[in-house]
K.L.:
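Structure in structure tokens, see below.
All chains are named by letter (A, B, ...) in the order of the sequence lines, taking the proteins before the strands, and each is independently numbered beginning at 1.
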Amino acid sequence: KQEVTQIPAALSVPEGENLVLNCSFTDSAIYNLQWFRQDPGKGLTSLLLIQSSQREQTSGRLNASLDKSSGRSTLYIAASQPGDSATYLCAANSGAGSYQLTFGKGTKLSVIP
Amino acid sequence: EAGVAQSPRYKIIEKRQSVAFWCNPISGHATLYWYQQILGQGPKLLIQFQNNGVVDDSQLPKDRFSAERLKGVDSTLKIQPAKLEDSAVYLCASTYTPGQASSYNEQFFGPGTRLTVL
């Protein structure tokens with residue numbers, strides 16, 4: 001059974017700092033890994049999806065990496081802004097043909113102006 | 001392209017009452033998922049549909065939860081009777097048929113329904 005862990009649970013940084021969010025998963029047989037953003041009281045916004053054959057994906061100030069063999073993914077946010085404050089969730093897509101997402105509990109990010 | 005639609009956005013009920021949530025996936029998406037997200041937790045899969053068939057409902061509390069997708073498009077999730085611990089956000093997601101190269105298996109989520117059981 002896939003299990004996903006995110007560290008840290010909460011993070012507070014001053015505006016402008018670069019930061020890294022960590023995600024680990026127990027079953028390396030994944031199809032892909034997705035990073036999501038969730039604002040309070042809102043649904044999930046997909047940020048990046050990394051296929052199992054890829055090592056990283058970039059979108060603007062975001063860069064996500066994937067190391068399947070070690071069961072780890074990181075989300076790097078460059079030059080953080082107050083608008084980046086949200087909860088970031090990673091999810092491993094696996095399940096022997098059923099393509100199901102297993103989520104971590106998320107990292108709550110606060111960027112202080 | 002319209003996103004995943006869900007209604008209602010908010011619902012407050014008393015315990016032992018029943019409630020239903022509705023989801024309309026992105027057009028052309030064959031697979032539909034319902035997730036439950038309790039405050040402070042990540043979403044947990046309740047049920048997965050492929051067209052109008054159930055792929056996996058192993059985590060659905062079947063004594064009180066039911067879901068259907070009769071015509072393979074929109075779906076309804078019902079809770080009867082509700083318990084206090086059912087208070088959560090219920091998220092619907094959809095994707096193209098998993099495994100097809102064109103889809104990349106990316107799941108798209110709706111805004112969710114926030115349920116409060118008093």
K.L.:
Chain B contacts: which residues in residues 103-113 of chain A have a non-hydrogen atom closer than 4.5 Å to it?
P.N.:
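Listed by number: A/F103, A/G104, A/K105.
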K.L.:
Just checking A/R55: does its CZ atom have more than 12 heavy atoms from other residues, nucleotides or ligands closer to it than 6.0 angstrom?
P.N.:
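Atom CZ in A/R55 is not packed in, count stays at 12 or less.
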K.L.:
Taking atom NZ of B/K11 as the centre, does the number of heavy atoms from other residues, nucleotides or ligands within less than 6.0 Å exceed 12?
P.N.:
no
K.L.:
Kindly work out whether a path of hydrophobic side-chain contacts (I/L/V/M/F/W/Y, heavy atoms less than 4.5 Å apart) joins B/W34 to B/F108.
P.N.:
no
K.L.:
Are B/L118 and B/L115 linked, directly or through other ILVMFWY residues, by side chains that come within less than 4.5 angstrom of each other?
P.N.:
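No; tracing contacts between hydrophobic side chains, which count when under 4.5 Å, never links both residues.
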K.L.:
Group every Ile, Leu, Val, Met, Phe, Trp and Tyr by side-chain heavy-atom contacts under 4.5 Å, then state whether B/F65 and B/L91 land in the same group.
P.N.:
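B/F65 does not cluster with B/L91.
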K.L.:
Starting from A/L11, can I reach A/I7 by hopping between I/L/V/M/F/W/Y residues whose side chains sit under 4.5 Å apart?
P.N.:
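No, no single cluster joins them.
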K.L.:
Taking only residues at least two apart or on different chains, which pairs with a member in residues 12-52 of chain B satisfy disulfide (SG to SG under 2.5 Å)?
P.N.:
B/C23-B/C92
K.L.:
Step through the shown structure and confirm whether more than 12 heavy atoms of other residues, nucleotides or ligands are within 6.0 Å of CG on B/L39.
P.N.:
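Count not over threshold, so no.
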K.L.:
To the closest 0.5 Å, what do you measure between CD (B/E106) and CG (A/N32)?
P.N.:
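Taking CD in B/E106 and CG in A/N32, the distance rounds to 8.0 Å.
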K.L.:
Is the number of heavy atoms from other residues, nucleotides or ligands within 6.0 Å of NZ (B/K71) greater than 12?
P.N.:
no
K.L.:
Same cluster or not: A/L75 versus A/L19, using hydrophobic residues (I, L, V, M, F, W, Y) connected whenever any side-chain heavy atoms lie under 4.5 Å apart?
P.N.:
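Yes: a chain of side-chain contacts under 4.5 Å links A/L75 to A/L19.
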K.L.:
B/P43 and A/L89: which non-hydrogen atoms are nearest, and at how many Å?
P.N.:
CD-CD1, 4.3 Å
K.L.:
What part of B/Q6 is in contact with chain A, defined as an atom under 4.5 angstrom from a non-hydrogen atom: side chain, backbone, both or neither?
P.N.:
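It is neither, since no heavy atom gets under 4.5 Å.
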K.L.:
For A/L101, which atoms come within 4.5 Å of any heavy atom of chain B: side chain, backbone, both, or neither?
P.N.:
both
K.L.:
Sub-4.5 Å heavy-atom contacts with chain B: which residues of residues 34-47 of chain A show up?
P.N.:
A/Q34, A/F36, A/Q38, A/G41, A/K42, A/G43, A/L44, A/S46
K.L.:
Taking salt bridge (charged side-chain N to carboxylate O under 4.0 Å, His left out) as the definition, give me every residue that meets it alongside A/D67, ordered by chain and number, with sequence neighbours left out.
P.N.:
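Salt bridge (charged side-chain N to carboxylate O under 4.0 Å, His left out) check on A/D67 returns nothing, list empty.
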